[in-house]
Amino acid sequence: MRILFHSQTADPVAWGEALAAELPGAELRVWPEVGDPSEIDALLVFQIPPRAFELFPNLRCIHLLSAGADQIVANPDIPASLPVVRLIEPGQKAGMIEYVLHAVFHYHRSFDVFAKWQRARYWEEVPRTPAAERRVGVLGLGGLGGAVAEALAAFGFDVAGWSRSEKSLQGVTSFHGKDGFDAFLGRNEILVGILPLTPETRDLYDATFFARMPAGSRFINVGRGAQLVEADLVAALESGHLAGATLDVVRDEPPDAGNPIWDTTNLILTPHVATCADPKTGARVVAENLRRVRDGLPPHGLVDRG
């Protein structure tokens with residue numbers, strides 16, 4: 001197979017070497033050096049290159065370099081028959097689990113409180129709450145969210161998760177659908193948002209959402225920035241209704257210099273670093289999916305564009 005690679009951040013050399021080991025005989029071409037466009041069988045991309053469906057008449061698959069597909073899924077030019085495949089792979093899961101565990105433990109063990117007291121030169125203990133008594137919620141139980149929820153449960157937290165359809169995960173209390181949303185939202189002291197961006201989740205985290213969270217709870221968003229109404233989060237933090245927030249994603253990356261989220265008390269901001277695909281482990285998943293496409297089988301991680 002001839003695969004066209006297009007990414008502004010991922011390393012084409014590392015991906016080329018990893019794919020060569022997993023898919024012998026495959027040729028990786030790096031945009032814009034495409035060679036004969038009619039020879040391209042698959043795209044391995046974060047964003048679709050310009051005029052792709054004019055240039056590459058024999059495409060058989062679009063394989064994403066990300067778990068999210070919102071950046072391309074609404075593209076009306078994608079032929080209905082062309083499979084679009086998300087990348088969910090072990091290295092990516094490990095990175096997300098590391099990030100969320102750090103953020104949850106930061107609040108669970110009161111490190112946010114201690115940081116504030118350090119600046120005030122104040123020395124005091126906070127009674128330790130056992131993990132089994134700490135209610136943590138994971139909003140979104142897909143390939144990454146489910147792994148995060150199970151990892152939190154393995155540390156002994158009282159974990160609940162919400163998803164559109166019912167899920168069964170080890171150690172995780174499952175809520176689902178509209179009927180389960182309010183009960184889920186009202187139980188969590190620490191809430192992790194890891195939903196995909198869809199019309200239903202855009203601007204989901206607004207004043208109404210935060211008002212339904214318990215007073216004094218903390219919010220962590222590792223999903224998509226467009227899901228958050230930033231002014232409403234700032235207001236919830238400044239009022240004291242929320243005790244803290246950690247954001248790895250924001251609407252505009254980076255935020256404007258005048259954006260108040262830079263200076264909001266009790267808000268931690270990281271530059272979209274929660275996780276990324278690992279070429280070595282990711283290439284195994286990509287290679288398996290491309291073999292399945294070649295053999296006429298459905299790939300794993302197929303996006304339902306509806």
Side-chain angles (χ1 to χ4, degrees), residues 3-10 31-32 34 37 40-89 92 96 139-146 162-165 176-178 181 193-206 209 221-233 247-256 271-272 274-277 282 285-286 289-290 292-293 298-306:
I3 306 159
L4 179 65
F5 185 92
H6 180 232
S7 173
Q8 293 181 328
T9 56
W31 176 269
V34 302
I40 301 298
D41 298 296
L43 302 181
L44 181 56
V45 299
F46 179 74
Q47 293 276 11
I48 297 174
R51 299 177 51 234
F53 306 111
E54 299 174 35
L55 292 173
F56 311 121
N58 297 313
L59 275 182
R60 301 176 63 185
C61 176
I62 299 172
H63 205 302
L64 297 173
L65 287 162
S66 61
D70 54 275
Q71 71 274 21
I72 73 160
V73 75
N75 187 331
D77 296 329
I78 301 175
S81 60
L82 188 64
V84 177
V85 186
R86 305 165 62 220
L87 180 59
I88 301 289
E89 56 88 18
Q92 195 178 38
M96 185 62 78
L139 187 54
L141 297 176
L144 294 180
W162 181 92
S163 53
R164 288 192 305 171
S165 57
H176 68 280
K178 292 182 179 180
F181 190 74
I194 191 167
L195 289 166
L197 180 62
T198 68
E200 290 74 26
T201 65
R202 186 177 293 274
D203 297 326
L204 173 65
Y205 307 136
D206 61 5
F209 179 95
N221 189 23
V222 290
R224 286 290 186 261
Q227 295 163 338
L228 173 65
V229 181
E230 293 170 5
D232 291 356
L233 175 64
L247 304 179
D248 187 52
V249 288
V250 292
R251 194 171 296 266
D252 296 314
E253 297 182 355
D256 293 336
H272 206 145
T275 196
C276 62
V285 176
V286 172
N289 279 331
L290 293 182
R292 292 179 69 85
V293 169
H300 302 299
L302 187 65
V303 173
D304 178 357
R305 280 181 269 165

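One is the number of the first residue; the rest follow in order along the sequence.
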Non-hydrogen atoms of [X] and [Y] that approach each other most closely:
| X | Y | answer |
| --- | --- | --- |
| Arg60 | Val293 | NH2-O, 3.1 Å |
| Gly193 | Asn221 | O-OD1, 3.3 Å |
| Gly140 | Ile194 | O-CG2, 3.3 Å |
| Leu290 | Cys61 | CD2-SG, 4.2 Å |
| Leu195 | Gln227 | O-NE2, 2.9 Å |
| Val249 | Val222 | CG2-C, 4.3 Å |

Neighbour count above 12 (heavy atom, 6.0 Å) for Arg292 CZ: yes

Close side-chain approach of [X] and [Y], heavy atoms under 4.5 Å:
| X | Y | value |
| --- | --- | --- |
| Leu87 | Val286 | yes |
| Gln71 | Phe46 | yes |
| Val84 | Val73 | no |
| Leu139 | Tyr205 | yes |

For [X] and [Y], indicate whether the former's side chain and the latter's backbone hold a donor-acceptor pair under 3.5 Å.
| X | Y | result |
| --- | --- | --- |
| Asp41 | Leu59 | no |
| Trp162 | Leu141 | no |
| Arg86 | Ala67 | yes |
| Arg251 | Ala226 | yes |
| Asn289 | His300 | yes |

Nearest 0.5 Å, what's the [atom1]-[atom2] distance between [X] and [Y]?
| X | Y | atom1 | atom2 | value |
| --- | --- | --- | --- | --- |
| Phe181 | Arg164 | CZ | CZ | 13.0 Å |
| Leu43 | Ile78 | CG | CD1 | 9.5 Å |
| Gln47 | Leu64 | CD | CG | 9.5 Å |
| Asn75 | Arg305 | CG | CZ | 9.0 Å |

Passing option when His6 is tested against Leu44, Val45, Ile48, Leu65 for side-chain contact (heavy atoms from CB on, under 4.5 Å):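 Answer to the side-chain contact (heavy atoms from CB on, under 4.5 Å) test with His6 among Leu44, Val45, Ile48, Leu65: Val45.
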
Among Thr201, Asp70, Thr198, the one residue meeting side-chain hydrogen bond (donor to acceptor under 3.5 Å, both in side chains) with Arg224: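 Option passing the side-chain hydrogen bond (donor to acceptor under 3.5 Å, both in side chains) with Arg224: Asp70.
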
Leu144 and Ile88: CA distance, side-chain angles, deciding distance, side chain to side chain contact (heavy atoms under 4.5 Å, CB included) verdict: CA-CA 7 Å; Leu144 294 180; Ile88 301 289; 4.2 Å; yes

